[in-house]
Amino acid sequence: MEDKYKPQELEKKWQKIWEDKGIFKVTEDAGKKKYYLLEMFPYPSGKIHIGHVRNYTIGDVVARYKRMNGYNVLHPMGWDSFGMPAENAAIDHGIHPATWTNENISYMKKQLKEMGFSYDWDRELSTCEPEYYRWEQLFFLWMYEKGLAYKKSSIVNWCINCQTVLANEQVEAGQCWRCSTEVEEKYLDQWFFRITDYVEELLDYCDKLPGWPERVITMQKNWIGKSYGCDILFPMADGNGTITVFTTRQDTVFGATFMLVAAELPLVMDLVKGKPIEHEVREFVEKVKKQDKLMRTSEYYEKEGMFLDAYCLNPLTKKKMPIFAANFVVAEYGTGCVMAVPAHDQRDFEFAKKYNLPLLVVIQPHNKPLNVSTMKEAYVDEGMLVNSGQFNGMENLKALDAIASYLESIGRGKKAIQYRLRDWGISRQRYWGAPIPILYCDTCGTVPVPESELPVILPREIELTGAGGSPLAKYDAFLKTSCPTCGNTAKRETDTMDTFVESSWYFNRFCSPHCGEKPGLDKQKVHYWMPVDQYIGGIEHAILHLLYSRFFTKMLRDYGVLDFDEPFTNLLTQGMVCKETARCKEHGYLFPDEVKDGKCTRCQSEVTIGKSEKMSKSLKNVVDPDYLIKNYGADTVRMFCLFASPPEKDLEWSDQGVEGSFRFLNRAWRIVIDCLEDIKHVTPFDGSRDIDGDLKNLRRKTHQTMRKVTRDIEDRFHFNTAISAVMELVNALYLMERPARENTTALSVIRETIETIIILLAPIVPHITEELWTALGYESNLADVPWPSYDNEVAAEEEITIVIQVNGKVRSRIVVSADEEATKIKDLALNDEKIMNYISGKKVLREIYVPKKLVNIVVQ
RNA sequence: GCGAGAGUGGCGGAAUUGGCAGACGCACUGGACUUAGGAUCCAGCCCGCCUUUGCGGAUAGGGGUUCAAAUCCCCUCUCUCGCACCA
């Protein structure tokens, strides 16, 4: 047994033992309770970053904790390996995406192994492999057959110079990130998944996920955005057709004085066709399309519009309403047309003022009557209807239903429900993604690839330039094929699928990762393991990934593949890892190792330390896990990640904090080594003999620590307070006087404390604890040692401190026996020397006693 | 902008249900040990006043509810995440 703690040596040793013994491999075991713990799998971007380390450490602690509690734990890891960065690396450095990706995977796998995570590596999967995506292509075919996958025209960011589609993150200030050309919008025919078919169930089940954080549920509900309202038909003034709008404010329909149409809607150009203003309107539309969508719908953005030389009629007032194209109307929501009620909607108000359009008040507030000529802003609150025909005098909220019914009765509208959620666009005009299994035949049209021909394999031999549209479209060996129906020549679909598709079902695949039978998921195995008992990942995935996964689960359930409704029973969303930034005048942001003694190592100029921000490559405020493992060992890194803050909050990185964690492990190591000779031959105290004084106190503290750590992990994953509690116990042990060698009772109490410290720390720092465990003479894997159960009686305090307040201010404290009666405590409080000074000569109005906590005496 | 969160000493954080604000750690200060200390052990450590006992203030800022508020309510400010082609 080494006297000095040498993490690098012992961590390697234990990692090898775990791997050789295969102790983290699992199979279905009907006799054991299962626990499926899953962390969001990473995109193999090159190296593991601290955010991953934090995420996977949290998961590993829970996995190991559950295992020690007797569960059959599934804890897999894999790679979300399709995606844009691989394609960018290929364009920038000439490396094939597959090569780049696989090299990253092998490096990151090595890093994860060095962290000592308890993964069953036999279940590793990589989504860019045909064995994985072939099943996704099968699901696509099923969905196509049922109309859940369909094609429609939609807008993409288009760089005219690169002749390629740009992701939102490739657009910087309205320009292409590669060539700085102004980005345009372009319509393309694209594939969609009909997630809106499941919108009601997705919404309903939000309330059936008690294990999810409330804020994630709220965000999902808001994203779905169900609103109750009314579709209203506005006939064109010239009698040619109608414009339909969706509104939740049909109570204001009498106040609608003009009509707004989203500028990019085809209706706009239809209305002005052949009119003198056609050219001008076209220019306006092109301009709006170039405006940033987020910006132009914001409250403060200049509202712009253009009269289309057309009118429709208000269905209730019969008044003529001029029709405008506008930049602030969202084309994708509702019908893309909005009835403008300038008196009661701020955006419409601003628009009306700018273009001199009439206002009509239809809701009067109860306190102050509105006057159109003096209104400075729209009145958006409640009130009584006026200027609204037979509805005058009604409260506006009560009129909602009445007006909807009336519109329905005269055939001018009907009650409607609108969702904000749109169908999921999955087409990507990129190479590094799963091919969509569709063919286009001149005679037969759109033809699905027959199941027997799956997978449609992504070809390797391809040149990537970043320009000229989809690389697959230029590669004839892939593109040209024959139609399975008629045998004529056909072209393959060259769009690939959004990478969110892979991550929407990978958790099922982990249950039977090598299953080669249709549909790639072994029903019995999936039934045993799914749903995921605890899912852990970054808060940044609160909406899209989680919503898509929920949708995919329900969809696969309806095809009979799955037998549950929701994939993730419990969800933990962890916060970001942040660190202060450093920059110098000459070189901009600096990596931590480019700063020495407050100076830039390259130019010796003064370094400015900025505020703490999310770690990112661009800000260079990153720390290298390799460096940390090499210098401190994985256990220290794990410990710091857990100790620095609770998982759901952002973590502030601190190099000194890492030192502190390292020091604690050394301290724990030393106390065990120091006691080792003495306690080697005693058994842990079992309570069969009487103890008192310091020994009794130590044992109480030991059991209190078991209770605290168990609750902190079990109830709320607060590892930081769990670690604090163990630190306190270690401190208490240091302060104990070392008993004589023959005092076996005392030594056995100390042994109980030391074993407790080791076991409680085992899920957190698995290597050092395994080493110490064997030093105590044990042989079995610490990973399978049962979690300790505490004795509440031993943990119970004998005496408690009662705080005495006068008028809410603490004035004294008394120590009483834990079971002292309330009346006696109140009596002691009133007769306390210090308290009497405060209350003498005053009238005692009330006495409040909070059991076992405090007495508050209210005096006048 | 919209939606969702967060804000506590010099720093990270604790206070689980409205009940002693500051556990634990870092940094700092002092002491012990030592050839040495950037090791270790022990102690001090929110701010102000009184050299003690003590008194007052303090949980982003302002207001409110309550015997009692870091915690609940309202307003303001700052920061973080998401906003549909980053994953």
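What you see is a predicted model; the values in this text were computed from it and never measured. Residue numbers start from 1 in every chain, and the chains themselves are labelled A, B, ... in the order their sequence lines are given, proteins ahead of strands.
Although no hydrogens or angles enter the test, the distance criterion places a donor-acceptor pair under 3.5 Å between the side chain of A/Asn621 and the main chain of A/Lys579. Between the side chain of A/Arg638 and the main chain of A/Ile764, a donor-acceptor pair closer than 3.5 Å is present. With hydrogens and angles ignored, the 3.5 Å screen pairs no side-chain donor or acceptor of A/Asp694 with any backbone N or O of A/Glu737.
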(request) State the dot-bracket string of RNA chain B. Criteria: Watson-Crick or G-U wobble, both atom distances under 3.5 angstrom; notation: ( ) intrastrand, [ ] crossing earlier pairs, | interstrand, . unpaired. (result) (((((((..(((......[....))).(((((.......))))).((((....))))..(((((..]....))))))))))))....

(request) Determine, stepwise, if the pair A/Asp345 / A/Arg347 fulfils salt bridge (Lys or Arg N to Asp or Glu O under 4.0 Å). (result) CA-CA 6 Å; A/Asp345 181 284; A/Arg347 292 160 304 182; 3.1 Å; yes

(request) Go through the steps to decide whether A/Arg178 and A/Asp92 satisfy the test salt bridge (Lys or Arg N to Asp or Glu O under 4.0 Å), and finish with yes or no. (result) CA-CA 10 Å; A/Arg178 277 190 213 285; A/Asp92 296 341; 3.2 Å; yes

Restricting both atoms to N or O, compile the protein contacts to nucleotides 52-55 of chain B shorter than 3.5 Å, with distance only.
| unit_1 | atom_1 | unit_2 | atom_2 | d |
| --- | --- | --- | --- | --- |
| B/rC55 | OP1 | A/Tyr838 | OH | 2.2 |

Close N/O contacts between protein and nucleotides 85-87 of chain B (under 3.5 Å):
| unit_1 | atom_1 | unit_2 | atom_2 | d |
| --- | --- | --- | --- | --- |
| B/rC85 | OP2 | A/Arg428 | NH2 | 3.2 |
| B/rC85 | O4' | A/Arg428 | NE | 3.3 |
| B/rC85 | O4' | A/Arg428 | NH2 | 3.3 |
| B/rC85 | O3' | A/Asn168 | N | 3.3 |
| B/rC85 | O2' | A/Asn168 | N | 2.6 |
| B/rC85 | O2' | A/Asn168 | OD1 | 3.4 |
| B/rC85 | O2 | A/Arg430 | NH2 | 2.6 |
| B/rC85 | N4 | A/Gln190 | OE1 | 3.0 |
| B/rC85 | N4 | A/Ser427 | O | 3.3 |
| B/rC85 | N4 | A/Gln429 | OE1 | 3.0 |
| B/rC86 | OP2 | A/Asn168 | N | 3.4 |
| B/rC86 | OP2 | A/Glu169 | N | 2.9 |
| B/rC86 | O4' | A/Glu169 | OE1 | 3.2 |
| B/rC86 | O4' | A/Glu169 | OE2 | 3.4 |
| B/rA87 | OP1 | A/Met84 | N | 3.3 |
| B/rA87 | O5' | A/Thr499 | OG1 | 3.3 |
| B/rA87 | O3' | A/Asp80 | OD2 | 2.4 |

Short heteroatom pairs, N/O only, protein and nucleotides 69-79 of chain B, under 3.5 Å:
none

Measure all distances between protein nitrogen or oxygen atoms and nitrogen or oxygen atoms of nucleotides 31-38 of chain B, and list the pairs falling under 3.5 Å.
none

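Picking from B/rG3, B/rG5, B/rA27 the nucleotide with the shortest atom distance to the side chain of A/Asn222 gives B/rG3.
Here the separation of B/rC45 from B/rA23, taken at their C1' atoms, is 15 Å to the nearest Å. Atom P of B/rC73 sits at a distance of 16 Å from the matching atom of B/rU66, rounded to the whole Å. Nucleotides B/rA21 and B/rG9, compared at atom C1', are 11 Å apart to the nearest Å. A distance of about 13 Å separates the C1' atoms of B/rA69 and B/rA15, rounded to the whole Å. Comparing the P positions of B/rA58 and B/rG3 gives an interatomic distance of 34 Å, to the nearest angstrom. Distance noted for atom C1' between B/rG22 and B/rG30: 22 Å (whole Å).
Taking atom CG of residue A/Asp345 and atom C1' of nucleotide B/rC2, one finds them 14 Å apart after rounding to whole Å. With rounding to whole Å, A/Tyr333 atom OH is found 13 Å from B/rG3 atom P. For A/Arg420 and B/rG3, the CZ to C1' distance is 7 Å, given to the nearest whole Å. In this structure, the CG atom of A/Asn807 is 13 Å from the C1' atom of B/rU66, given to the nearest Å. When rounded to the nearest whole Å, the span between OH of A/Tyr419 and C1' of B/rG3 equals 19 Å. With rounding to whole Å, A/Asn621 atom CG is found 12 Å from B/rU80 atom P.
Residue A/Arg663 has no polar side-chain atom (N or O) positioned under 4.0 Å from OP1 or OP2 of B/rC41. Contact annotation: A/Arg347 does not reach the phosphate of B/rG1 (side-chain N/O to OP1 or OP2, under 4.0 Å). Contact check, A/Tyr734 against B/rC41: a side-chain N or O comes under 4.0 Å of OP1 or OP2.
Within the cation-pi definition used here (under 6.0 Å to the ring centroid, within 45° of the axis), A/Arg667 qualifies as a partner of A/Tyr734. Figure legend: cation-pi geometry between A/Arg670 and A/Tyr5 absent, as NZ or CZ is not positioned both under 6.0 Å from the six-membered ring centre and within 45° of its axis.
Taking the six-membered ring for Trp and the full ring otherwise, the centers of A/Tyr632 and A/Phe640 sit at least 6.0 Å from each other. The aromatic ring centres of A/Tyr133 and A/Phe82 sit less than 6.0 Å apart.
Residues passing the salt bridge (Lys or Arg N to Asp or Glu O under 4.0 Å) test with A/Arg550, sequence neighbours excluded: A/Glu566. Considering only residues two or more places apart in sequence or on other chains, A/Ile195 meets the side chain to side chain contact (heavy atoms under 4.5 Å, CB included) condition with A/Leu202, A/Leu421, A/Asp423, A/Trp424, A/Leu547, A/Tyr548, A/Phe551. Judged as a salt bridge (Lys or Arg N to Asp or Glu O under 4.0 Å), and not counting sequence neighbours, the contacts of A/Lys221 are A/Asp207. With sequence neighbours left out, the salt bridge (Lys or Arg N to Asp or Glu O under 4.0 Å) criterion links A/Glu493 to A/Lys151. Contacts of A/Thr127 classified as side chain to side chain contact (heavy atoms under 4.5 Å, CB included), with partners at least two apart in sequence or in another chain: A/Phe41, A/Asp80, A/Ser81, A/Leu125, A/Tyr132, A/Glu502.
Just one of A/Arg215, A/His718, A/Arg716 meets the side-chain hydrogen bond (donor to acceptor under 3.5 Å, both in side chains) condition when paired with A/Glu648; it is A/His718.
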Pairs under 3.5 angstrom only: tabulate donor-acceptor contacts from the side chains of residues 162-172 of chain A to other protein residues two or more places apart or in another chain.
| unit_1 | atom_1 | unit_2 | atom_2 | d |
| --- | --- | --- | --- | --- |
| A/Gln163 | NE2 | A/Ile160 | O | 3.0 |
| A/Asn168 | OD1 | A/Asn157 | ND2 | 3.0 |
| A/Gln170 | OE1 | A/Ala167 | N | 2.7 |

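The residue A/Leu735 sits close only to the backbone: its heavy atoms come under 4.0 Å of sugar-phosphate atoms, none of a base.
Along RNA chain B, the nucleotide closest to A/Val803 and the one closest to A/Lys809 are compared, and the more 5′ of them pairs with A/Val803.
Counting non-hydrogen atoms of other residues, nucleotides and ligands closer than 6.0 Å to NZ of A/Lys226 gives a total above 12.
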(request) Go along nucleotides 8-19 of chain B 5' to 3' and tag each nucleotide: B for a protein heavy atom under 4.0 Å from its base, S when only backbone or sugar atoms are that close, - otherwise. (result) ----BSSSB--B

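Because its glycosidic torsion is within 90° of 0, B/rG9 is reported here as syn.
Side-chain N/O atoms of A/Gln190 and A/Ser154 include a donor and acceptor closer than 3.5 Å.
Using cut-offs of 30° and 60° for the angle between ring planes, the A/His545 and A/His541 rings count as perpendicular.
If you take OG1 on A/Thr573 and CD1 on A/Ile536, they are separated by 10.5 Å, rounding to the nearest 0.5 Å.
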